[in-house]
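No experiment lies behind these values; they were computed from the predicted model shown. In this chain, residues are counted from 1 in sequence order. Each ligand, and each atom within it, is numbered from 1 in the order the structure gives.
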Amino acid sequence: MSYEKITVAEARKETSVGKSVLLHGWVRTRRDSKAGFSFIELNDGTSFGSIQIIAPKELTNYESEVKSITAGCSIAVKGTVKESPGKGQATEVEANEVELLGTADAAAYPLQKKGHSLEFLRSLAHLRVRTNTFGAVARVRNTVSFSIHQFFQENGFFYVHTPIITASDCEGAGQMFHVTTLDADNLPKNENGKVDYTKDFFGKPASLTVSGQLNVETYAHGLSKVYTFGPTFRAENSNTARHAAEFWMVEPEIAFCELQDNMVWAEKFIKRIIRDVLRDCAEEMEFFQKQNDAALIETLRHVLTSDFVRCSYTEAVDILIKSGRKFDYRVQWGVDLQSEHERYLTEEHFKSPVILYNYPKEIKAFYMKLNGDGKTVRAMDVLVPKVGEIIGGSEREWNLDLLEQRMKELELSPEDYWWYLDLRRYGSVPHSGFGLGLERMLMFVTGVANIRDVLPFPRTPGSCDF
Ligand code: 4AD
Ligand code: MG
């Protein structure tokens, strides 16, 4: 007899009924029936749902092996797909052979019981992908990543690989991890007693990138529409549920584009990702809705069909002051908005995603285009319910004199950014872009509350395991 090797996802489809199949996976549960056979719930990660295997006692290894199968064991099953009489599943598999591939000692395997806390599962980052929650997060993360590429590819953007190691601080915030091969216990010093970086690997200080923007801007000045998508590193010592030291950011950069069009791109982009997740991860989304937020899918559908509110920073500050709310941080024009303010605006005041724009120049990065008022820059942040800031972007300053002047005000040395300034010397154009934090987007679509649970192996202050 020949068996077709298929996945659990395929075996669960009604169209597989009647097929002789070979399945592989990890056992979620096994129980004996009184009638003398075993029910095995098998999952291989290809779909949220598992498949039920019925192993009859006539199997030659039934007493010796099948009955010893416990949660976490890996097995191979040959059998026939049948229509299932049980509720909530279209099919099941009647086994002709069950082979035990890898055992999982029941006394030691930590994922025996269902319903472990997310905190506990963080200490098992190497095994947690075998749970419902983390399998679902992994599949949604995959769908979102693919959707990001599809969106940009379909819209004429080129994918650019920007460097991970850099000598420039894009955000000018000094939150960078240093990259060095110097011996920390025996640092070479120069005549001023400072570390002599000319002896270091690159001959000067280097860091992990906080953003690919400066590099991707150069490619926008030659390919017109580009995006970079990769790991990003920030040594901000903020132990919050929304900050990670290593996260993934997607950054489009668009030549011949001003702030208003940048907002249009950001809105279309977010809607596209939501559409794809609702369409391609239906089982996962139903699960997240049950587990995290009873209004999850409805909220996302609403986001899909409504326009994002546009609101200037100045208007937003007015709204916050007039709200009569007692915030932990008091609001006045000029302060950076905190998560509590962002969430008030998007969750309570507008009840929709909001694009805030025209921020005071003092609280934004050096490269943003100065408005005619001399006080605000053409920045934009996209805020969504529960998460707050999900996108940060701007129109870029493309006037050489204004950019150099701003850098001097911020005590950044134009010589260090000579190549970036060359873009303003040779064929300068209006251009804009933004950065979407992949993990923030995942938190938004799944309702998962902590960034540590949407990253496969989170890196946060004091924590770099696995
Ligand atoms: O607002 P940010 O700092 O903007 C930039 O880095 C620009 N260079 C982007 C650009 O215009 N090309 O970061 C962009 C987004 C934030 O809105 C947030 O979603 C995410 O990156 N982000 C983080 N996500 C997780 N952990 C952190 N520590 C993050 N810092 C920023
Ligand atoms: Mg930001």
Side-chain angles (χ1 to χ4, degrees), residues 144 148 152 157 160 162 166 168-177 208-220 225-255 257 259 262-263 265-266 269-270 273 313 336-339 341-342 346 353-357 359-360 363-369 377-384 386-397 420 431-445 448 450-455 458-461 463:
V144 171
I148 287 169
F152 288 122
F157 287 69
V160 176
T162 50
T166 178
S168 326
D169 181 356
C170 172
E171 295 304 297
Q175 297 173 323
M176 305 184 82
F177 288 101
L208 295 177
T209 187
V210 296
S211 161
Q213 180 194 321
L214 302 188
N215 294 93
V216 89
E217 274 188 55
T218 70
Y219 268 59
K225 290 201 297 252
V226 294
Y227 68 107
T228 181
F229 183 18
T232 309
F233 307 87
R234 297 210 180 166
E236 34 190 349
N237 202 359
S238 39
N239 228 324
T240 80
R242 306 175 317 130
H243 289 89
E246 176 175 335
F247 61 98
W248 278 61
M249 182 152 58
V250 49
E251 296 179 275
E253 192 69 31
I254 311 151
C257 173
L259 187 65
N262 203 29
M263 294 183 196
W265 279 114
F269 176 48
I270 288 188
I273 296 173
Y313 168 91
D336 204 359
L337 299 183
Q338 303 294 320
S339 163
H341 308 130
E342 296 175 343
T346 171
V354 188
I355 309 182
L356 292 189
Y357 63 95
Y359 282 73
I363 57 172
K364 289 292 181 187
F366 72 94
Y367 52 70
M368 297 189 179
K369 177 149 190 62
V377 286
R378 293 193 193 164
M380 62 175 218
D381 276 7
V382 181
L383 316 179
V384 296
K386 299 259 168 106
V387 177
E389 178 191 338
I390 197 166
I391 279 181
S394 68
E395 185 174 336
R396 320 305 188 190
E397 184 57 78
Y420 185 69
H431 64 289
S432 303
F434 59 84
L436 169 77
L438 176 66
E439 288 75 21
R440 299 263 177 101
M441 187 67 201
L442 285 167
M443 291 169 72
F444 181 48
V445 296
V448 168
N450 197 308
I451 198 164
R452 291 162 181 79
D453 301 323
V454 294
L455 278 156
R459 272 82 178 94
T460 51
S463 169

- At a non-hydrogen distance cut-off of under 4.0 Å, which region of R459 contacts ligand 1 (side chain, backbone, both, or neither)? neither
- Item | Under-4.0 Å salt bridge between R234 and E246 | no
- Of all the atoms in ligand 1, which lie at a distance below 4.0 Å from a heavy atom belonging to G393? 11 (O)
- Quick one: does I451 get an N or O within less than 3.5 Å of an N or O on ligand 1? no
- Indicate, as side chain, backbone, both or neither, the part of F434 found under 4.0 angstrom from ligand 1 when only non-hydrogen atoms are considered. backbone
- Task: Have a look at ligand 1 and work out which part of Y367, if any, has a heavy atom under 4.0 Å from it: side chain, backbone, both or neither.
- Result: side chain
- Message: One thing to verify: whether R378 and E395 come together as a salt bridge, which I'm taking to mean a side-chain N less than 4.0 angstrom from a carboxylate O.
- Response: yes
- Message: Could you work out, for atom 11 (O) of ligand 1, the closest of E236, R396, M443, E389 by heavy-atom distance?
- Response: R396
- Task: Examine the proximity of ligand 1 to I391 and report which part, side chain or backbone, both or neither, has a heavy atom under 4.0 Å away.
- Result: backbone
- Message: Any N/O/S atom, side chain or main chain, of E389 closer to the Mg ion (ligand 2) than 2.8 Å?
- Response: yes
- Query: Going by distance only, is there an N or O of H243 that falls short of 3.5 Å from an N or O of ligand 1?
  - Reply: no
- Query: Strictly under 6.0 Å, is that where the ring centroids of W265 and F157 end up?
  - Reply: yes
- Item | Heavy-atom proximity to atom 31 (C) of ligand 1, best of R234, M380, E439 | R234
- Can you tell which part of R440 has a heavy atom less than 4.0 Å from ligand 1: side chain, backbone, both or neither? side chain
- Relative to each other, are the rings of F269 and F434 parallel, tilted or perpendicular (30° and 60° limits)? tilted
- Nearest neighbour in protein (non-hydrogen) for atom 21 (O) of ligand 1: M249 SD, 3.4 Å
- Message: For ligand 1 and I390, I'd like to know whether there is a polar contact (N/O to N/O, distance under 3.5 Å).
- Response: yes
- Query: If we only count N/O pairs under 3.5 Å, is G437 in contact with ligand 1?
  - Reply: yes
- Item | Which segment of E253 sits under 4.0 Å of ligand 1 when only heavy atoms are counted | neither
